[in-house]
Amino acid sequence: GAHTVLTFLDEPDAPASPVQGAAVSPDGQWVAFVAPSDTVHGAMWLVSTTGGDARVLSNLSGVNYVFSWSPDSTHILYAGGPAATDTPILGGPLWLMNVHGQNNRPFLNPFIFGWGFEPVWSPNGQWIALTGYDEGQDFGCAQKDPRPDPETCEFEGTGIYMENIVTREMRRLARGIRPTWSPDGLMLAFLSNEGSGPEIWVIQADGTGLRQVTAIGQFQYFQPVWVPVGR
């Protein structure tokens, strides 16, 4: 029940914007979050888990959000490119920076941002799996009035993608949403309504072995989670 105040931001000249998106590094040493700096509405900040040493890593542009750290605690996955960039954002909202706030670069995948989808790291830290726009199709939840039920529209025009953070190789694996890696990094589980309705499916990371796992027969809003054998 103990808690630690890591930082208290009091920047009188900073633009008004909430502090959000705190993510703890896997080694337990750092917390990354987005908050105003003295020049922009959103900046990437870093503070140690002992507190008292918050500092700005990089000023950001657009809508910002911190998703997660790489498994080796060396990189941060986030939305919102670097501020005052002279080049257009080529890869949509997903970006990567190292723990020093350097080498900011966009991903190439068509990640769907703003609908609660979370990109996920492979256990070896080499790949990102995510829910993206399926090529040539419209996302079922976007730009409709009245707004549709997200429990059904999320499956329209969405696919499961992977991107290698080093080689930039991108794979489209299957139709579906909300991928999650197996502990050995060889498979992904995800939700798809390709059968009679939304069910759990699995696929090998190389794109083979697609198969339906459950047959619940009625919609259940859930996120697949891998559990060790015997638990």
Side-chain angles (χ1 to χ4, degrees), residues 61-65 67-68 70 75 77-82 85 87-97 104-122 124-182 185-214 219 221-224:
S61 65
V63 179
N64 323 122
Y65 189 80
F67 285 107
S68 56
S70 60
H75 289 80
L77 184 65
Y78 68 101
T85 180
T87 58
I89 296 176
L90 301 177
L94 270 187
W95 285 72
L96 192 69
M97 76 167 65
N104 308 62
R105 64 177 178 82
F107 283 84
L108 303 176
N109 57 70
F111 176 62
I112 300 176
F113 178 56
W115 294 89
F117 297 126
E118 293 277 341
V120 288
W121 291 87
S122 63
N124 65 7
Q126 297 300 303
W127 294 85
I128 299 292
L130 54 100
T131 302
Y133 296 98
D134 230 356
E135 184 175 1
Q137 299 188 44
D138 295 326
F139 179 42
C141 296
Q143 299 177 344
K144 292 184 178 181
D145 188 23
R147 184 170 176 175
D149 182 353
E151 294 186 353
T152 55
C153 67
E154 284 185 348
F155 293 95
E156 299 175 19
T158 50
I160 306 298
Y161 291 82
M162 293 170 51
E163 184 170 340
N164 189 289
I165 69 168
V166 177
T167 67
R168 314 301 295 278
E169 176 188 354
M170 185 170 64
R171 301 175 187 170
R172 188 262 191 202
L173 298 178
R175 290 187 61 187
I177 63 174
R178 305 186 187 281
T180 181
W181 291 90
S182 61
L186 298 179
M187 302 179 69
L188 293 106
F190 60 97
L191 302 180
S192 177
N193 65 349
E194 285 292 270
S196 57
E199 303 286 353
I200 296 177
W201 291 62
V202 294
I203 192 169
Q204 299 286 337
D206 63 4
T208 63
L210 176 66
R211 62 185 175 90
Q212 182 177 333
V213 175
T214 63
F219 187 82
Y221 196 78
F222 47 73
Q223 169 72 46

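Numbers here are sequence positions counted from 1.
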Say whether, by atom type as modelled, one donor and one acceptor occur between the side chain of E194 and the main chain of R175 under 3.5 angstrom.
-> no
Which residues pass the side chain to side chain contact (heavy atoms under 4.5 Å, CB included) test with Y133, sequence neighbours left out?
-> P110, I112, F139
Shortest non-hydrogen contact between T131 and P179, atoms and distance = OG1-CD, 3.5 Å
Can you tell me how far CD of E163 sits from CG of L108, rounded to the nearest 0.5 angstrom?
-> 4.5 Å
Residues A174 and F190: closest non-hydrogen pair is CB-CZ, 3.8 Å
Is there a donor-acceptor contact under 3.5 Å from the side chain of N164 to the main chain of T167?
-> yes
Any idea which heavy atoms bring F67 and P119 closest together, and the distance?
-> CD2-CD, 3.5 Å
Using atom types as modelled and distance alone, determine if a side-chain donor or acceptor of T158 lies under 3.5 Å from a backbone N or O of I177.
-> no
Taking every heavy atom of T214 against every heavy atom of E199, the minimum-distance pair comes out as OG1-OE1, 2.7 Å
Aromatic ring proximity F107/Y161, centre distance under 6.0 Å | no
Under 3.5 Å, side-chain donor or acceptor atoms of residues 201-210 against the rest of the protein: list the pairs with distances, not counting sequence neighbours.
{"unit_1": "D206", "atom_1": "OD1", "unit_2": "T208", "atom_2": "N", "d": "3.0"}
{"unit_1": "D206", "atom_1": "OD1", "unit_2": "T208", "atom_2": "OG1", "d": "2.7"}

Under 3.5 Å donor-acceptor, E154 side chain and E156 backbone | no
So CG of N109 and CD1 of I160: to nearest 0.5 Å the spacing works out to 11.5 Å
Can you measure from CE (M187) to OG1 (T180) and round to the nearest 0.5 angstrom?
-> 12.0 Å
Check whether any side-chain heavy atom of S70 sits under 4.5 Å from a side-chain heavy atom of L77, and report yes or no.
-> no
Under 3.5 Å: donor-acceptor pair, side chain of W181, backbone of V120 = yes
Hey, what's the ring geometry for Y65 with F113, parallel, tilted or perpendicular (30° and 60° as the breaks)?
-> tilted
Closest heavy-atom pair, L96 versus H75, reported as atoms and distance to 0.1 Å, is CD1-CB, 3.8 Å
